[in-house]
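Taking it in order: structure first as structure tokens, then the write-up.
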Amino acid sequence: MRPWPRSSTRRRARSPSATPCSRAAPICPVRPATAPRPRNGPAMSDTSAVRLRFAPSPTGFLHVGGARTALFNWLHARKAGGAFILRIEDTDQERSTDAAYQAILRSMEWLGLDWDEGPGVGGPCGPYLQSERLEVYREQAATLRASGRLYRCFCTGEEIAARNAARGEQESAGYDGHCRELAAAQIAAFEAEGRVPSWRLRTPDEGETFWYDLVYDKREFRNDLITDRVVMKQDGFPTYNFAVVVDDHLMRISHVLRGDDHVSNTPFQLQIYDALGWERPKFGHMPMILGPDRKRLSKRHGATSVEEFRDQGILPDAMINYLALLGWSPGASGDEVFTREGLVKAFSLKRVNSSPAAFDYDKLAHINAQHLKRLGPADRLALAEPVLAARGWALDPAWRAPADDTRDYLTKVLAMLGGRFSDLRRVPEQIGFFFTDDFPVDPEAAAHLEGPEIPARLRALADRLAAALPPQGAAGQDVYEAAVRGLAEETGLEAGDLIHPCRVALTGLTRSAGMFEVMWLIGGPRTVARLRRAAGDR
RNA sequence: GUCCCCUUCGUCUAGUGGUUAGGACACCGCCCUUUCACGGCGGCAGCACGGGUUCGAGCCCCGUAGGGGACGCCA
């Protein structure tokens, strides 16, 4: 019943020598001034070091919301020259899956959000999978227990809900402190029944808990509203709220940047920091991402997982660029298209917005197009080849221009696309006619071939081209242009009258790159042949 | 229900007491042009509402409305 099988990427755990600082807590020294310094490099020797983390739970694919959280953490870490840590929060044995774990790593890698410590790369504060840190949590829980801050709770969820309802409150009103003062005899009785307790943190009933949030400024909660939440579950696993605090502290996280949905967890977590006598990190909560209808972004709005966007031809840099713009703004500069480096340079936590933003697929597409058309020839080629291969299309060597090799030829074709290279999914239809004579003819385009005068014009053009082309070798674009314009002039036609049917004959499309460039790339013989074919001369 | 938060064009946003309220996406028009894009130029469109404070409010305060989030032995 463990949906969480071992995988090769997971690191060995519980071996005392697995990592330099896993001897005893604190795992990573908190105050090197008073504690012996481990020899783990510069990051370990400076407690003021900027260290951020992204801590997803492997219960599903990486969602754009999670990706943005990861991105902002990454950006701030990179900007500050600090460390970015990836930690997997898999304390829910029921829901965590290896497939999700793999998918998250894949998405992070695809986005280029590289982590300095975490799965696959290790690091001095590991292990980085919470399921491999159980001893750590138990140890901290023992400390808390020893100080009297924890108590056993034997209540079931139903019992709590029933009591809440009986008091006239909402069933989900939270824990009522029922087991706070259980008598020893009562505890013994429960345990004799075989009931296993969970452990709750006793929180104060008076006063306030507050912090200065990096994006919201002061946040304050009344202590009587903070319920005694479970810290160690019946199954011996820590709860999220306990594990994050322990890990963030031991991993020496300096800034906790997370979604707005964690705001109400923060006061409780702050209580744990205080109970353990730990210094608090800085907290920043970022507003949620909404769908176009201003409801929480979900699958019914369209793509939400990073991999879906990848499959739709979104570039990782574009995804990152767009996500950064969602809740952060570069200020008055006006420029919104950023390279990854530019983003790191321009980023500032101070400019993170406090109001929720709606995801705009159109704008993502625009940012993507901007990135796409700025790519150089080599990058275009690298992107286009797999797309074409997926269609089963590979360039026939016979197609290339005499002096080129296949990839040079493809590179020319892609360069020809110019600003039209803005949607990877459309590339096959845009250049399919470079791969085969048997291309489809768009119905709308076919109309351009319909007039009774068309065949004669195409034939005339074919003849003229055939005569103008050198018998051997390739002609320049100017030769094609001269032929078309010359014929138009002699017959009293507009150049367009020839070009439109010609485009259909050569490409099957109503829209394409420049006609003469297309002719030149296809080459004289095929151009002539296709013109004759369209004229009905087979 | 309780608690917390948010509110500038349809959307993302700039703005921190005096602005013709700026930019971007989308949309519309024009230019370029053999088509379609790209690019250039222009247009449409916004401070949720009501009270204060102030000589003066998009910016400060209060309230209302709308929206979002949280209230698990999920994270």
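For the numbers below, each heavy atom of this structure counts, side chains included, while hydrogens, waters and symmetry mates do not. Convention: sequence-line order gives letters A, B, ...; per-chain numbering from 1.
rC6(B) and rG58(B) have their C1' atoms separated by 16 Å, with the value rounded to a whole Å. Nucleotides rU13(B) and rG46(B) place their C1' atoms 12 Å apart, quoted to the nearest Å. Atom C1' of rC9(B) sits at a distance of 12 Å from the matching atom of rA24(B), rounded to the whole Å. When the C1' atom is used for both rG15(B) and rG23(B), the distance is 11 Å, rounded to whole Å. rU19(B) and rC30(B) are spaced 36 Å apart, taking the P atom of each and rounding to whole Å. Nucleotides rU8(B) and rU16(B) place their C1' atoms 13 Å apart, quoted to the nearest Å. On the P atoms, rA65(B) is 36 Å away from rA75(B), given to the nearest whole Å. Separating the C1' atom of rC49(B) from that of rC38(B) is a span of 44 Å, rounded to the nearest Å.
Rounded to a whole Å, the NZ atom of Lys350(A) is 13 Å from the P atom of rG15(B).
Every salt bridge (charged side-chain N to carboxylate O under 4.0 Å, His left out) that Arg152(A) has, sequence neighbours left out, goes to Glu191(A). With sequence neighbours excluded, no residue satisfies ring-ring contact (aromatic ring centres under 6.0 Å, His included) with Phe268(A). Residues satisfying the side-chain hydrogen bond (donor to acceptor under 3.5 Å, both in side chains) criterion with Arg229(A), sequence neighbours excluded, are Asn265(A). The salt bridge (charged side-chain N to carboxylate O under 4.0 Å, His left out) search around Arg219(A) returns Asp260(A), not counting sequence neighbours. In this structure His366(A) satisfies the ring-ring contact (aromatic ring centres under 6.0 Å, His included) test with no other residue, sequence neighbours excluded. With sequence neighbours excluded, no residue satisfies side-chain hydrogen bond (donor to acceptor under 3.5 Å, both in side chains) with Asn368(A). Under the rule for a ring-ring contact (aromatic ring centres under 6.0 Å, His included), Trp115(A) has no partner lying at least two apart in sequence or in another chain.
Sorted by first and then second residue, the side chain to side chain donor-acceptor pair (under 3.5 Å) pairs with a member in residues 317-326 of chain A read Asp317(A)-Arg340(A), Asn321(A)-His371(A); sequence neighbours excluded. Applying the side chain to side chain donor-acceptor pair (under 3.5 Å) test to residues at least two apart or on different chains, the pairs with a partner in residues 355-365 of chain A are Glu336(A)-Lys363(A), Asn353(A)-Ser355(A).
Close to rU7(B), at under 4.0 Å from its OP1 or OP2, lies no side-chain N or O of Arg294(A). Considering only side-chain N and O atoms, Asn353(A) lies under 4.0 angstrom from the phosphate OP1 or OP2 of rA14(B). Residue Arg229(A) has no polar side-chain atom (N or O) positioned under 4.0 Å from OP1 or OP2 of rC74(B). OP1 or OP2 of rC73(B) has at least one side-chain nitrogen or oxygen of Arg200(A) nearer than 4.0 Å. The side chain of Arg351(A) places an N or O atom within less than 4.0 Å of a non-bridging phosphate oxygen (OP1 or OP2) of rG15(B).
Taking the side chain of Ile499(A) as heavy atoms from C-beta on, and the options rG68(B), rU34(B), rG23(B), the nearest nucleotide is rU34(B). In the set rC4(B), rC71(B), rC6(B), the nucleotide with an atom closest to the side chain of Arg219(A) is rC4(B). For His500(A), whose side chain is taken as the heavy atoms from C-beta onward, the closest listed nucleotide among rU34(B), rA70(B), rC73(B) is rU34(B).
Listed in residue order, the members of residues 506-515 of chain A having a heavy atom less than 4.0 Å from RNA chain B are Thr510(A), Arg511(A), Ser512(A), Ala513(A), Gly514(A), Met515(A). Within residues 356-373 of chain A, the residues that place at least one heavy atom under 4.0 Å from RNA chain B are, in residue-number order, Pro356(A), Ala357(A), Ala358(A), Asp360(A), Asp362(A), Lys363(A), His366(A), Gln370(A), Lys373(A).
Of the possible polar contacts, one joining the Arg133(A) side chain to the Pro127(A) backbone as a donor-acceptor pair under 3.5 Å is found.
If you check rC41(B) for Watson-Crick or wobble pairing at under 3.5 angstrom, you find it paired to rG29(B). The partner of rG66(B), taking Watson-Crick or G-U wobble pairs whose two distances both stay under 3.5 Å, is rC6(B). For rA24(B), the paired nucleotide is rU11(B), the pair qualifying as Watson-Crick or G-U wobble because both relevant distances are below 3.5 Å. Base pairing annotation: rC60(B) forms a Watson-Crick or G-U wobble pair with rG52(B), both donor-acceptor distances under 3.5 Å. Using the Watson-Crick or G-U wobble rule with both distances under 3.5 Å, rC73(B) pairs with nothing in any strand shown.
Within the nucleic acid shown, Glu89(A) comes within 4.0 Å of sugar-phosphate atoms alone, with no base atom in reach, counting heavy atoms only. Gly174(A) comes within 4.0 angstrom of the backbone, heavy atoms only, and of no base. Contacts of Cys502(A) with the nucleic acid, taken as non-hydrogen atoms under 4.0 Å apart, are absent. Counting non-hydrogen atoms under 4.0 angstrom, His285(A) reaches nothing in the nucleic acid. Nucleic acid contact class of Thr91(A) (heavy atoms, under 4.0 Å, all strands): sugar-phosphate only.
Under the side chain to side chain donor-acceptor pair (under 3.5 Å) rule, Asp228(A) has a single partner from Arg202(A), Arg200(A), Arg180(A), which is Arg180(A).
Residue-to-nucleotide proximity on RNA chain B shows that, of Tyr216(A) and Gly331(A), the 5′-proximal contact is made by Tyr216(A). Residue Ser329(A) is the one, among Met288(A) and Ser329(A), whose nearest nucleotide of RNA chain B lies closer to the 5' end (criterion: closest heavy atom).
A donor N or O paired with an acceptor N or O is not found under 3.5 Å between the base of rC38(B) and the side-chain atoms of Arg420(A). Residue side chain Asn265(A) reaches the base of rA75(B) through a donor-acceptor N/O pair under 3.5 Å, judged by distance alone.
With 3.5 Å as the limit, one finds no donor-acceptor pair spanning the side chains of Glu517(A) and Gln477(A). For the residue pair Arg258(A)/Thr266(A), the side-chain donor-acceptor check at 3.5 Å is satisfied.
Annotation: cation-pi geometry not satisfied between Arg280(A) and Trp211(A) (NZ/CZ under 6.0 angstrom from ring centroid, within 45° of ring axis).
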Listing time: all N or O pairs from protein to nucleotides 41-49 of chain B that are below 3.5 Å?
none

